[in-house]
A.B. asks: 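Take a look at this one; I'll ask things after.
Worth saying up front: this structure is predicted, and the values here are computed from it rather than measured. Note that these values count all heavy atoms, side chains included, but never hydrogens, waters or copies made by symmetry.
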Amino acid sequence: MNTHDAIPAETDVAILGGGLAGLTLALQLKQANAGVRVTVVERNRHPVPEAAHKVGESTVEIAADYFTNVLGLADHIKRDQLRKYGLRFFFHAGGHDDLAQAAELGAAHLLTVPSYQLDRGIFENHLGERARELGVDFVDGARVTGTELAGDGDAPQRVHVERGEETRVIESRWVIDAMSRASRLRRKLDLVEDNGHHCSAVWFRIDRRIDIDDWSEDAAWQARCSELPRWLSTNHLMGAGYWVWLIPLASGSTSVGIVFDNALHDFDSLKSFDGAMAWLAEHQPRCHRAVREAGGELQDFRFLRHFSHGARAVYSGQRWAMTGEAGVFLDPFYSPGSDFIAISNTYVTDLVLREMAGENITRRARLYERCYFSFYESSLALYRGQYPLFGHFRAMSAKTVWDYAYYWGVLALVFFARRLTDMNFFAHHGDELDRLRRINIEIQAMFRRWAEVEPDREAPGALVDQSASPLLVRLNRELTEVAADNEEMLAKRLRDNADMLHALALRLQSIAPTRARTELQTAEAARKVEEDLLDGLPRALTECPRGVAEAAVSSG
């Protein structure tokens with residue numbers, strides 16, 4: 001039976017919040033320097049419930065690498081969690097009882113770098129146990145009631161903690177806010193920022209498996225994804241202004257979520273289980289029937305309005321920082337939440353250890369924050385204003401191919417190469433990174449126009465197979481090689497990636513409707529990219545369906 005850790009009077013690092021961000025940061029700090037005293041204050045009592053604990057179950061490559069290789073949790077993840085069959089998207093599924101009649105985007109074969117579905121309850125219980133094993137003071141079942149920051153001086157930060165009848169003030173050199181949306185520092189310091197991305201989500205878990213492979217008896221459809229069953233993917237049912245997720249959990253439960261643009265779908269009608277089910281019956285009736293037929297117990301129902309937010313600052317030379325959703329949050333689409341925890345925790349760990357070693361980190365904190373916000377802003381372009389095109393098969397398929405390549409070719413490359421804290425690397429390669437940021441912004445606008453000028457047309461049974469794209473396969477595979485690169489090899493790899501991405505953007509522009517195309521500059525290096533790397537885009541994407549003509553661009 002678990003017993004509470006005593007609340008210490010002093011510590012080196014006080015982490016407010018013992019969820020995914022806080023506990024992984026604690027592990028990273030202790031593994032980097034076992035002598036650092038780390039205290040985590042968590043409101044929930046451990047062990048937490050399985051299945052119905054928190055969302056954020058789907059991981060992609062950066063988070064998977066962070067959990068397995070940086071934090072050394074591979075044994076637990078491979079034993080107690082689920083291997084994922086990538087992200088999978090279905091278009092026009094709402095109009096068919098047989099899912100084989102929907103257009104599908106996803107990998108027919110497993111790519112090189114693994115990713116996982118995490119039952120957050122199981123995972124966070126393991127993180128809590130591991131933290132205690134490493135000597136972290138894990139104060140669960142406690143509430144942070146106040147913080148006093150020291151400012152520019154050398155005085156300790158003060159954290160007021162309450163647990164039952166016990167109250168204590170913890171004096172700490174560092175305070176890290178990992179309290180998710182309840183962030184105390186973001187409100188205390190007036191750092192909240194509206195990022196212009198206004199979407200909401202509702203979700204629930206049931207204690208049964210929903211097997212999307214049962215939604216069709218078509219033998220050819222079943223056979224084309226044979227390495228793992230489709231239910232192990234993060235499955236997305238796509239529609240205009242929304243998407244529905246289906247995520248399996250190791251406990252045998254299924255997580256179901258509806259994410260939508262507030263301007264296109266009514267939040268108030270969705271914020272109850274009955275309302276969500278009625279919405280599914282209208283927009284995704286096959287999913288509605290699957291939930292009903294699965295039966296079992298409804299384990300929870302949650303909703304969150306306006307989930308995306310920014311922050312004006314996240315790291316400070318005055319010995320405080322925010323990580324995870326306490327700082328910024330983008331969108332659950334493409335599952336970037338745990339990626340940004342991995343990135344932020346890496347920056348925070350480096351700042352803490354440098355400062356405790358006597359370094360003045362004021363300038364470095366600003367540089368890390370600038371890099372972090374650059375990653376955040378580049379990723380925000382993938383979401384802001386894009387939900388109206390989510391149900392458009394060709395425009396969204398082209399966008400997803402680009403978004404994957406951009407993610408693997410830039411952000412994931414930097415993380416896997418362990419160069420996040422190498423400011424010289426960013427300074428030396430600023431031109432390539434700036435070029436790709438500009439292209440990303442321009443091509444995201446092109447995808448929006450594409451969906452406006454080309455009427456959406458069903459492509460029954462079509463498959464956009466990401467594992468058939470030599471470029472995507474290469475960018476994913478090379479993530480396993482970059483850690484061994486020296487400076488010269490890594491520089492060449494980044495330059496090559498920049499040229500390949502530029503060439504991909506030009507190829508996607510060439511198959512977009514004429515009136516949607518952007519003014520991408522043609523680079524000499526991009527023209528030299530091998531043509532076979534750009535092959536593998538299926539006919540469903542590269543050829544406009546017969547009878548589809550460009551429509552007038554909407555005045556909005």
A.B. asks: Quick one: are Leu127 and Phe123 in side-chain contact, heavy atoms under 4.5 Å?
C.D. replies: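 With C-beta onward as the side chain, the pair touches.
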
A.B. asks: Looking at Phe329, I'd like to know if the NZ or CZ of Arg181 sits under 6.0 Å from its six-membered ring centre while staying within 45 degrees of the ring's axis.
C.D. replies: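 So Arg181 does make the cation-pi contact.
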
A.B. asks: Take Arg132 and Asp5 through the test salt bridge (charged side-chain N to carboxylate O under 4.0 Å, His left out) and record every step on the way to the result.
C.D. replies: CA-CA 9 Å; Arg132 285 188 165 112; Asp5 285 13; 3.0 Å; yes

A.B. asks: My understanding is that only one of Leu367, Ile361, Asn360 makes a side-chain contact (heavy atoms from CB on, under 4.5 Å) with Arg363; could you say which?
C.D. replies: Leu367

A.B. asks: Aromatic ring centroids of Phe390 and Tyr387 under 6.0 Å?
C.D. replies: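 Yes: the rings meet the under 6.0 Å criterion.
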
A.B. asks: Just do the salt bridge (charged side-chain N to carboxylate O under 4.0 Å, His left out) check on Asp300 and Arg205 with the steps written out, would you?
C.D. replies: CA-CA 6 Å; Asp300 69 345; Arg205 267 70 64 107; 2.6 Å; yes

A.B. asks: Quick test of your reading of the model: are Asp403 and Lys399 salt-bridged, counting only N-O distances below 4.0 Å?
C.D. replies: yes

A.B. asks: Could you tell me how the ring of Tyr406 sits relative to the ring of Trp402: parallel (under 30°), tilted (30 to 60°) or perpendicular (over 60°)?
C.D. replies: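 Aromatic pair Tyr406/Trp402 classed parallel.
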
A.B. asks: Report the residues that fulfil ring pair (Phe, Tyr, Trp, His ring centres under 6.0 Å) with Tyr66, sequence neighbours left out, ordered by chain and then residue number.
C.D. replies: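 If we apply the ring pair (Phe, Tyr, Trp, His ring centres under 6.0 Å) test to Tyr66, skipping adjacent residues, there are no hits.
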
A.B. asks: For Tyr242, which residues count as a ring pair (Phe, Tyr, Trp, His ring centres under 6.0 Å) partner, sequence neighbours excluded?
C.D. replies: His265, Trp279, His283

A.B. asks: Taking atom types as modelled, find out whether Glu57 and Ser255 have a side-chain donor-acceptor pair closer than 3.5 angstrom.
C.D. replies: yes

A.B. asks: Verify whether one side chain among His197 and Asp331 offers a donor that lies under 3.5 Å from an acceptor in the other.
C.D. replies: yes

A.B. asks: Between the side chains of Arg173 and Asp154, is the shortest nitrogen-to-carboxylate-oxygen separation below 4.0 Å, so that they form an ion pair?
C.D. replies: yes

A.B. asks: Nearest 0.5 Å, what's the CD-OH distance between Gln81 and Tyr116?
C.D. replies: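 Rounded to the nearest 0.5 Å, the CD-OH separation comes to 10.5 Å.
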
A.B. asks: Before you tell me yes or no, could you show the steps for Arg208 and Glu297 under salt bridge (charged side-chain N to carboxylate O under 4.0 Å, His left out), namely the whole-Å CA-CA distance, both residues' side-chain angles and the distance that decides it to 0.1 Å?
C.D. replies: CA-CA 8 Å; Arg208 293 290 188 276; Glu297 179 185 347; over 6 Å; no

A.B. asks: Once rounded to the nearest 0.5 Å, what's the spacing between atom OG1 of Thr362 and atom CD of Glu359?
C.D. replies: 10.0 Å

A.B. asks: Which of these, Tyr347, Phe426, Tyr315, sits in a ring pair (Phe, Tyr, Trp, His ring centres under 6.0 Å) with Tyr368?
C.D. replies: Tyr347

A.B. asks: Given His309 and Glu193, is the side-chain hydrogen bond (donor to acceptor under 3.5 Å, both in side chains) satisfied, shown in steps?
C.D. replies: CA-CA 6 Å; His309 63 266; Glu193 185 173 72; over 6 Å; no

A.B. asks: State plainly whether the residues Glu124 and Lys54 are in salt-bridge range, i.e. N to O under 4.0 Å.
C.D. replies: yes

A.B. asks: Do the rings of Tyr334 and Tyr383 sit parallel, tilted or perpendicular, given the 30° and 60° boundaries?
C.D. replies: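 Ring orientation, 0 to 90° scale: tilted.
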
A.B. asks: Inspect the surroundings of CZ in Arg354 and state if more than 12 heavy atoms from other residues, nucleotides or ligands are less than 6.0 Å away.
C.D. replies: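 Count over threshold, so yes.
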
A.B. asks: Does CD in Glu133 sit with more than 12 non-hydrogen atoms of other residues, nucleotides or ligands closer than 6.0 Å?
C.D. replies: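 Above 12, so yes.
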
A.B. asks: Tell me whether Arg305 forms a cation-pi arrangement with Phe307, defined as NZ or CZ under 6.0 Å from the six-membered ring centre and within 45 degrees of its axis.
C.D. replies: no

A.B. asks: Can you check side-chain hydrogen bond (donor to acceptor under 3.5 Å, both in side chains) on Ser172 and Arg37, steps first, answer last?
C.D. replies: CA-CA 9 Å; Ser172 177; Arg37 296 174 299 170; over 6 Å; no

A.B. asks: Restricting to ring pair (Phe, Tyr, Trp, His ring centres under 6.0 Å), what partner residues turn up for Phe260, sequence neighbours left out?
C.D. replies: none

A.B. asks: Please name all residues satisfying ring pair (Phe, Tyr, Trp, His ring centres under 6.0 Å) with His109, sequence neighbours left out, ordered by chain then number.
C.D. replies: none

A.B. asks: Would you say the ring centroid of Phe333 lies under 6.0 angstrom from that of Phe89?
C.D. replies: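 Judged by ring-centre distance (under 6.0 Å), Phe333 and Phe89 do meet the cut-off.
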
A.B. asks: Less than 4.0 Å between a side-chain N and a carboxylate O, is that true for Glu377 and Arg437?
C.D. replies: no

A.B. asks: With rounding to the nearest 0.5 Å, note down the distance linking CG in Asp485 to CG in Leu490.
C.D. replies: 5.5 Å

A.B. asks: Quick test of your reading: applying salt bridge (charged side-chain N to carboxylate O under 4.0 Å, His left out), list the pairs with at least one residue in residues 404-418, sequence neighbours left out, ordered by first then second residue.
C.D. replies: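 Pairs touching residues 404-418 that pass the test: Asp65-Arg418.
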
A.B. asks: What I want to find out is whether Arg312 reaches Asp190 closely enough, with some N-O distance under 4.0 Å, to be called a salt bridge.
C.D. replies: yes

A.B. asks: Between Phe267 and His306, is the gap from one ring center to the other below 6.0 Å?
C.D. replies: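 Judged by ring-centre distance (under 6.0 Å), Phe267 and His306 do not meet the cut-off.
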
A.B. asks: Under the salt bridge (charged side-chain N to carboxylate O under 4.0 Å, His left out) rule, what pairs show up with a residue in residues 365-374, not counting sequence neighbours?
C.D. replies: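 Matches after skipping sequence neighbours: none remain.
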
